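Chain letters run A, B, ... following the sequence lines, proteins first, then strands; residues in each count from 1. Here the structure is a predicted model, which means the values were calculated and not measured.
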Number of protein chains: 2
Amino acid sequence: MTGLALIQIKSEGGRHVLHQKLSSHISCGDCAIRHRAVCARCDTGELAELEAVKFYRSYPAGAPVVWSGEQMDFVASVVSGIAALTQTLEDGRRQMVGLLLPSDFVGRPGRSHAAYDVTATTDLVMCCFRKKPFEALIEKTPHLAHRLLEMTLDELDAAREWMLLLGRKTAREKIASFLCILARREAALQMKSVGHAMTIELPLTREELADYLGLTLETVSRQISALRREGVLDLVGKRGVLVPDFDALQDIAGDDGDGAMLS
Amino acid sequence: MTGLALIQIKSEGGRHVLHQKLSSHISCGDCAIRHRAVCARCDTGELAELEAVKFYRSYPAGAPVVWSGEQMDFVASVVSGIAALTQTLEDGRRQMVGLLLPSDFVGRPGRSHAAYDVTATTDLVMCCFRKKPFEALIEKTPHLAHRLLEMTLDELDAAREWMLLLGRKTAREKIASFLCILARREAALQMKSVGHAMTIELPLTREELADYLGLTLETVSRQISALRREGVLDLVGKRGVLVPDFDALQDIAGDDGDGAMLS
DNA sequence: GCCCAGAATTGACCCAGATCAAGGCGGCTG
DNA sequence: CAGCCGCCTTGATCTGGGTCAATTCTGGGC
């Protein structure tokens, strides 16, 4: 795995990223996810305590972070990039059960082993906290515990939204729903309103998308092609999707619009 | 379990059960779910504060508790009976996104409107807390907040387990998985080990089961019939299921066995 | 005991999406 | 520049589960 990391990682620009464990130590005050992550509501003192037990790790696209069942002695926030949580049946059928975007939290306080496979689907940087001290901090820092509860409740809502998609939506609706969520998030980050033409960067391969949506990669590909033929979207390279009319896409997605934001 | 609920309600006086709000006020100390619910870790003082803002409601089987989008000025624990959380698409397709068993928690602190339809699938008694004071208690009672976090994390795990089922399992596996979960829970409550022949009481109609499993009621019925023909299970009335060999059922369910407990 | 409504079963048929099987298209590597 | 490897697309065919439509149970009320 380390070998893989060394090879692929240069896609990120090449200079320093070669080690899995980064020596650089960003100050929490300067952190891009400072106000959205689990630490969002911590005051300066609490932040200092977190700072003392944190370290960064980075993973190249495609690298595993942990395997289900493995010992996991840290919890973490995604700083940049995207990670996927997946579950697998013995015969190899896979279902992605969560997509972790910047500021999302990985790991469960009070559990020593990973419950899911965690994989970097793009180059990924995580801010990790040693589990023991983090658990101690939760006990004595209401700000931290409260924010974690809030984030977990959001995740639960998102998971349930996804259950509706997996259980009841058609392949076409699944694709449209996923693109809607990405588009909404993109718009929110750029402070633009949805509705205008916009380009989305897919963070997943067709196969990963299939695992997320409960489909096969062929069906994903066919449905995307169909939507393109109908003018609902246009492809820009393999990963870029241009959506000329967001409302049209949302119509196809089939839900009432204000669906759960991804993260 | 359904029977249990019925008995408990009747024993409560028989006459007034038709009213939604019960006048009786059980002391928290005597409560059946005292050590499993959100209050599990509260000390006597904290319990007293909860007691001051709680009230009971009961609902007959089939009754709605709240509709999605409706104002909801309380949060609650299920005391006895079973409730279902469902989401619905405009065209009527329904997906159950959670099954609430005794001790499970309903409602989200910090949110004023229900996110899902909540329905009693059996006669149901809930211990409700007025939302405002409950939220205040969470802020100042780490025991309460911590337990709620733990329960929410459990729910999240269960939801993700269910995503695997919805996205990747066959109808047959879905039915078997559901029965396995019920059986394991039944065994746990009765302190018996699984493996022996055991009878399970289905808390849901075929249609509700279909909504839970992402199937149609016809498919549910056919798969149950098929399993019966094969001798994997036997029906006792409409709702009773006799499982002669738990391991055989678990084999069919397709997952590694130690799946998430329901609640 | 009889009736009836709601729940469940069963059958016939169909279709969305899976499966199997070829290619195509970049982008790296040698 | 050739060749290769990872993706992605597209086609042909198959099938699990959905849809539509009768019956058949079953248990509760009178």
Side-chain angles (χ1 to χ4, degrees), chain A residues 4 7-11 14 60-63 89 91-95 121-122 165-176 201-229 233-241 252 254, chain B residues 2-3 6 10 60-62 89 91-95 121-123 165-176 201-230 233-241 252 254:
Chain A
L4 186 71
I7 297 163
Q8 288 191 348
I9 212 130
K10 59 167 106 122
S11 59
L89 260 21
D91 62 4
R93 282 173 287 173
R94 291 164 57 83
Q95 177 64 52
T121 68
T122 67
L165 176 144
L166 290 174
R168 293 305 187 194
K169 288 190 177 177
T170 64
R172 183 183 166 84
E173 290 167 337
K174 286 176 176 181
I175 299 283
E201 187 80 1
L202 293 179
L204 303 173
T205 65
R206 299 287 186 269
E207 181 166 22
E208 289 164 336
L209 203 37
D211 283 344
Y212 198 22
L213 300 173
L215 298 170
T216 59
L217 70 94
E218 292 94 330
T219 298
V220 169
S221 182
R222 270 190 261 271
Q223 293 296 336
I224 291 180
S225 298
L227 291 174
R228 184 168 43 109
R229 240 175 282 123
L233 50 79
D234 209 348
L235 297 185
V236 186
K238 264 173 190 169
R239 293 298 190 86
V241 177
I252 295 171
Chain B
T2 320
L6 275 170
K10 276 201 203 122
L89 261 20
D91 62 4
R93 281 173 286 173
R94 292 164 58 82
Q95 176 65 49
T121 67
T122 67
D123 289 342
L165 176 143
L166 290 173
R168 294 304 187 195
K169 289 190 177 176
T170 64
R172 182 183 167 85
E173 290 167 337
K174 286 177 176 181
I175 299 283
E201 187 80 0
L202 293 179
L204 303 173
T205 65
R206 299 287 187 268
E207 183 168 19
E208 290 164 336
L209 204 37
D211 283 344
Y212 198 24
L213 300 174
L215 299 169
T216 59
L217 69 96
E218 292 95 330
T219 298
V220 169
S221 184
R222 269 189 262 269
Q223 294 297 336
I224 290 180
S225 297
L227 291 174
R228 183 168 43 107
R229 240 175 284 123
E230 297 167 30
L233 49 81
D234 210 347
L235 297 186
V236 185
K238 266 174 186 168
R239 293 298 190 87
V241 177
I252 295 170

Taking [X] for the side chain and [Y] for the main chain, is one N or O donor matched with an acceptor at less than 3.5 Å?
| X | Y | result |
| --- | --- | --- |
| Asp234(A) | Val236(A) | no |
| Gln223(A) | Val220(A) | no |
| Arg168(B) | Leu215(A) | yes |

To the nearest Å, give me how far apart [atom1] ([X]) and [atom2] ([N]) are.
| X | N | atom1 | atom2 | answer |
| --- | --- | --- | --- | --- |
| Leu165(A) | dG17(C) | CG | P | 12 Å |
| Gln223(A) | dC15(C) | CD | C1' | 13 Å |
| Arg93(A) | dG16(D) | CZ | P | 13 Å |
| Lys169(B) | dG17(D) | NZ | P | 13 Å |
| Gln95(B) | dG18(D) | CD | P | 12 Å |
| Arg168(B) | dA18(C) | CZ | P | 7 Å |

(message) What contact category does Gly62(B) fall into here, base, sugar-phosphate, or nothing, at under 4.0 angstrom with non-hydrogen atoms?
(response)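 Counting heavy atoms under 4.0 Å across all strands, no contact is made by Gly62(B).
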(message) Does anything in residues 218-228 of chain A form a salt bridge (Lys or Arg N to Asp or Glu O under 4.0 Å)? List the pairs, not counting sequence neighbours.
(response)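 For residues 218-228 of chain A: none.
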Kindly write out the residues that satisfy side-chain hydrogen bond (donor to acceptor under 3.5 Å, both in side chains) with [X], not counting sequence neighbours, or none if the list is empty.
| X | answer |
| --- | --- |
| Ser225(B) | none |
| Thr216(A) | Thr219(A) |
| Arg206(A) | none |

List every contact pair, protein side and nucleotides 8-15 of chain D side both N or O, where the distance is under 3.5 Å.
residue: dC8(D); atom: OP2; partner: Arg206(A); partner atom: N; Å: 2.7
residue: dT9(D); atom: OP1; partner: Arg206(A); partner atom: NH2; Å: 3.3
residue: dT9(D); atom: OP2; partner: Arg206(A); partner atom: NE; Å: 2.7
residue: dT9(D); atom: OP2; partner: Ser221(A); partner atom: OG; Å: 2.8
residue: dT9(D); atom: O5'; partner: Ser221(A); partner atom: OG; Å: 3.2
residue: dT10(D); atom: OP2; partner: Ser225(A); partner atom: OG; Å: 2.7
residue: dG11(D); atom: N7; partner: Arg222(A); partner atom: NH1; Å: 2.9
residue: dG11(D); atom: O6; partner: Arg222(A); partner atom: NH2; Å: 3.4
residue: dA12(D); atom: N6; partner: Arg222(A); partner atom: NH2; Å: 3.4

(message) Distance check, rounded to the nearest 0.5 Å: Thr121(B) atom OG1 versus Asp211(B) atom CG?
(response)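 Reported value, rounded in 0.5 Å steps: 12.0 Å.
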(request) Find the bend of the helix from dG1(C)-dC30(D) to dG30(C)-dC1(D) as the angle between its two terminal axes (five pairs each), to the nearest 10°. (result)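 The value is 40°.
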